Amino acid sequence: MENIVKAGIFGVCIGDALGVPVEFKKREDLKKSSVTGYLEYMSWNQPKGTWSDDSSLTLCIAEELTKGYDLEKIGQSFVKWNKYGHWTAHGRLFDIGGTTRHSIARLIKGESARFSGNIFEEDNGNGSLMRTLPLSFYLKDEENIEIVYQTVKEVSSITHGHFRSVFACFIYVIFAIELIKGKDKKDAYHQMQNVALKFAENQMFNPKEIQLFDRVLKNDISECDEYTISSSGYVLHSLEASLWCFLNSESYSEAVLKAVNLGEDTDTTGAITGGIAGIYYGFENIPEEWIAELVRKEDIEKLCIKLGNKLMK
C-alpha cells in the first residue's frame with residue numbers, strides 16, 4: 001500500500017510542479033514551445049520543482065488521514081495552510097482560488113467544516129477535485145457506495161459544496177479506487193461509469209446535472225478530439241481533461257506532460273492527471289530527475305510512508 005500511496009501523492013505533486021511555471025499559458029503557445037520537464041520562475045516566479053495549492057491541500061488531507069478521518073480537523077489543516085503556510089513548498093502560499101479563500105475565511109471565523117463551503121453554481125472551480133486523491137486510499141476497501149459518496153461530499157464541501165464539484169470528485173475517487181485495485185485503465189474506466197451512473201439513478205440526482213457528465217459517463221472521453229477538451233479551472237473541464245490525458249497516454253511522463261501542455265490551468269490539470277497516472281504506472285515509472293528535484297521530497301515521502309502504514313492496518 002505504501003508504494004501506491006507514494007506513487008499517487010508524488011504523482012500529484014510532480015504534475016503540479018511541472019505545471020506551475022506555465023500556468024495561464026495558451027495551448028497554441030505551448031505547442032510551439034512544449035514543457036518537457038521542470039521549468040523555473042515564469043508565471044509564479046517560483047524555483048524549479050515548486051508545487052502549489054493543489055499539492056498543499058492534498059498533503060493536508062493525507063496528513064489528517066494518518067490520524068483517522070475527522071472532517072473538522074481537515075478543515076483546520078486548511079486554515080493552518082492559509083494562515084501559517086502549513087504544507088507549502090517554501091513556507092508561504094502563493095496561490096489560492098476564490099472559492100477556497102472565502103470558505104477558509106468562514107472556518108477562521110469559527111464555522112464548522114460541514115457548512116463552510118460555497119454552494120452556488122458559479123462556485124464550481126476545480127479546487128476540491130485537485131486535492132481529493134488521498135480519499136481514494138482511505139476509501140479503497142469501503143463496500144458501501146453511499147459512505148464513499150458521503151465522505152467525498154463532506155471533504156469537497158469544506159470549500160466546494162455544489163453538487164457538480166462533489167460528483168466530479170466522486171467520479172475521480174471511484175476511478176482511482178479501481179486503479180488501486182489493479183484494474184486495467186479501460187476496465188477501471190468502464191467500472192467507474194457503471195458505478196457512478198447506477199448510484200446517480202438510485203439516488204435520483206438531478207438529471208440535468210448528471211447530463212453534464214455524459215462525455216465522461218455515457219461516452220468514452222478518450223475518443224474526443226483534443227480541440228474539444230478544455231483545460232480551464234472549471235471542475236468539469238478539469239475532470240474531462242485529466243481523464244483524457246491519462247487514457248490517451250502510455251506512461252506517467254506522457255500523461256502529465258500532455259496535461260500541462262494543454263495550457264491554461266496547467267498545474268491543476270497536471271496534478272489531477274498525475275495522481276491517477278502515478279497510481280497506475282507506479283512510483284518506479286516516475287522519472288528519477290523529477291523526484292530528485294521536487295521541493296520537500298523527503299517530507300512528502302515520510303508522510304506517504306505514514307499514511308501507507310496507517311491504511312495497511
Side-chain angles (χ1 to χ4, degrees), residues 1-20 37-38 48-69 74 77 81 86-89 129-142 155 172-183 185 188 242 245-246 249-257 259-260 267-268 270-313:
M1 189 64 202
E2 180 198 307
N3 266 352
I4 289 181
V5 170
K6 195 160 79 163
I9 302 282
F10 269 86
V12 169
C13 297
I14 289 168
D16 180 5
L18 286 163
V20 164
Y38 289 141
K48 188 182 286 192
T50 298
W51 29 273
S52 71
D53 53 337
D54 307 58
S55 300
S56 292
L57 294 175
T58 298
L59 295 165
C60 284
I61 293 172
E63 181 179 49
E64 291 309 317
L65 290 175
T66 65
K67 306 163 201 170
Y69 178 73
I74 293 171
S77 73
W81 163 72
H86 181 60
W87 275 120
T88 54
L129 180 60
M130 70 188 194
R131 63 172 194 246
T132 202
L133 187 80
L135 291 178
S136 60
F137 304 125
Y138 173 70
L139 294 164
K140 68 184 185 341
D141 299 320
E142 180 53 67
V155 176
Y172 183 75
V173 167
I174 292 295
F175 185 49
I177 288 172
E178 295 301 325
L179 296 175
I180 290 166
K181 289 176 179 173
K183 282 200 171 75
K185 62 168 80 167
S242 303
C245 290
F246 171 64
S249 303
E250 297 301 324
S251 66
Y252 173 83
S253 54
E254 186 187 356
V256 289
L257 292 175
V260 167
D267 57 335
T268 303
I272 300 167
T273 306
I276 47 178
I279 288 169
Y280 188 71
Y281 292 109
F283 186 74
E284 63 282 0
N285 283 304
I286 298 174
E288 282 179 27
E289 64 272 24
W290 292 355
I291 296 166
E293 294 185 308
L294 186 70
V295 172
R296 293 189 67 184
K297 63 182 181 296
E298 291 87 0
D299 293 332
I300 296 168
E301 182 159 24
K302 280 180 199 161
L303 176 58
C304 291
I305 291 167
K306 203 171 171 186
L307 183 58
N309 288 339
K310 167 76 177 176
L311 296 178
M312 281 171 73
K313 287 176 184 173

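The first residue of the sequence shown is numbered 1, and numbering continues consecutively from there. Because the structure is a prediction, the values reported are computed rather than measured.
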About how many Å separate [atom2] of [Y] and [atom1] of [X], when rounded to the nearest 0.5 Å?
{"X": "Ile61", "Y": "Ser56", "atom1": "CD1", "atom2": "OG", "answer": "11.5 Å"}
{"X": "Glu298", "Y": "Glu301", "atom1": "CD", "atom2": "CD", "answer": "8.0 Å"}
{"X": "Thr132", "Y": "Asp54", "atom1": "OG1", "atom2": "CG", "answer": "12.5 Å"}
{"X": "His86", "Y": "Leu57", "atom1": "NE2", "atom2": "CG", "answer": "10.5 Å"}
{"X": "Cys60", "Y": "Leu303", "atom1": "SG", "atom2": "CG", "answer": "9.5 Å"}
{"X": "Ile14", "Y": "Ile291", "atom1": "CD1", "atom2": "CD1", "answer": "5.0 Å"}

Counting N and O atoms only, with roles assigned by atom type, does the side chain of [X] sit under 3.5 Å from a partner on the main chain of [Y], one being a donor and the other an acceptor?
{"X": "Thr66", "Y": "Glu63", "result": "yes"}
{"X": "Trp51", "Y": "Val295", "result": "yes"}
{"X": "Glu254", "Y": "Glu250", "result": "yes"}
{"X": "Arg131", "Y": "Val155", "result": "yes"}
{"X": "Ser136", "Y": "Leu133", "result": "yes"}

Exercise for the section: Kindly indicate whether the side chain of Trp87, heavy atoms from C-beta on, has any atom under 4.5 Å from the side chain of Thr58. Expected result: no
Closest approach of [X] and [Y], non-hydrogen atoms and distance?
{"X": "Cys245", "Y": "Ala255", "answer": "CB-O, 3.8 Å"}
{"X": "Ala176", "Y": "Ile279", "answer": "CB-CD1, 4.3 Å"}
{"X": "Val260", "Y": "Gly270", "answer": "CG2-CA, 4.3 Å"}
{"X": "Gly278", "Y": "Ala7", "answer": "O-CB, 3.2 Å"}
{"X": "Thr50", "Y": "Val20", "answer": "O-CG2, 3.5 Å"}
{"X": "Asp16", "Y": "Ser55", "answer": "OD2-OG, 2.7 Å"}

Handout entry: Those residues that, when tested against Tyr252, pass ring-ring contact (aromatic ring centres under 6.0 Å, His included) (two or more places apart)
Key =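 Listed in chain order: nothing, the list is empty.
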Practice task
Please test Thr268 against Ser52 for side-chain contact (heavy atoms from CB on, under 4.5 Å), starting from the C-alpha separation and ending with a verdict.
Solution key: CA-CA 9 Å; Thr268 303; Ser52 71; 5.8 Å; no
Exercise for the section: Identify, with sequence neighbours excluded, every residue that meets side-chain hydrogen bond (donor to acceptor under 3.5 Å, both in side chains) alongside Tyr38. Expected result: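 Expected list: none.
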Exercise for the section: May I ask you to check whether Tyr138 and Lys310 show a side-chain donor-acceptor distance below 3.5 Å? Expected result: no
Handout entry: Inter- and intrachain pairs under side-chain hydrogen bond (donor to acceptor under 3.5 Å, both in side chains), touching residues 285-297, at least two apart
Key =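 Every side-chain hydrogen bond (donor to acceptor under 3.5 Å, both in side chains) pair that includes a residue of residues 285-297, provided the two are not neighbours, is Arg296-Asp299.
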Practice task
Please report the C-alpha distance between Lys183 and Phe175 in whole Å, then the side-chain angles of each, then the deciding distance to 0.1 Å, and finally whether the side-chain contact (heavy atoms from CB on, under 4.5 Å) criterion is met.
Solution key: CA-CA 10 Å; Lys183 282 200 171 75; Phe175 185 49; over 6 Å; no
Exercise for the section: Check step by step if side-chain contact (heavy atoms from CB on, under 4.5 Å) holds for Tyr172 and Ile276. Expected result: CA-CA 9 Å; Tyr172 183 75; Ile276 47 178; 3.7 Å; yes
Exercise for the section: Would you sort out whether Ile4 and Phe137 count as a side-chain contact (heavy atoms from CB on, under 4.5 Å), showing the intermediate values? Expected result: CA-CA 9 Å; Ile4 289 181; Phe137 304 125; 3.7 Å; yes
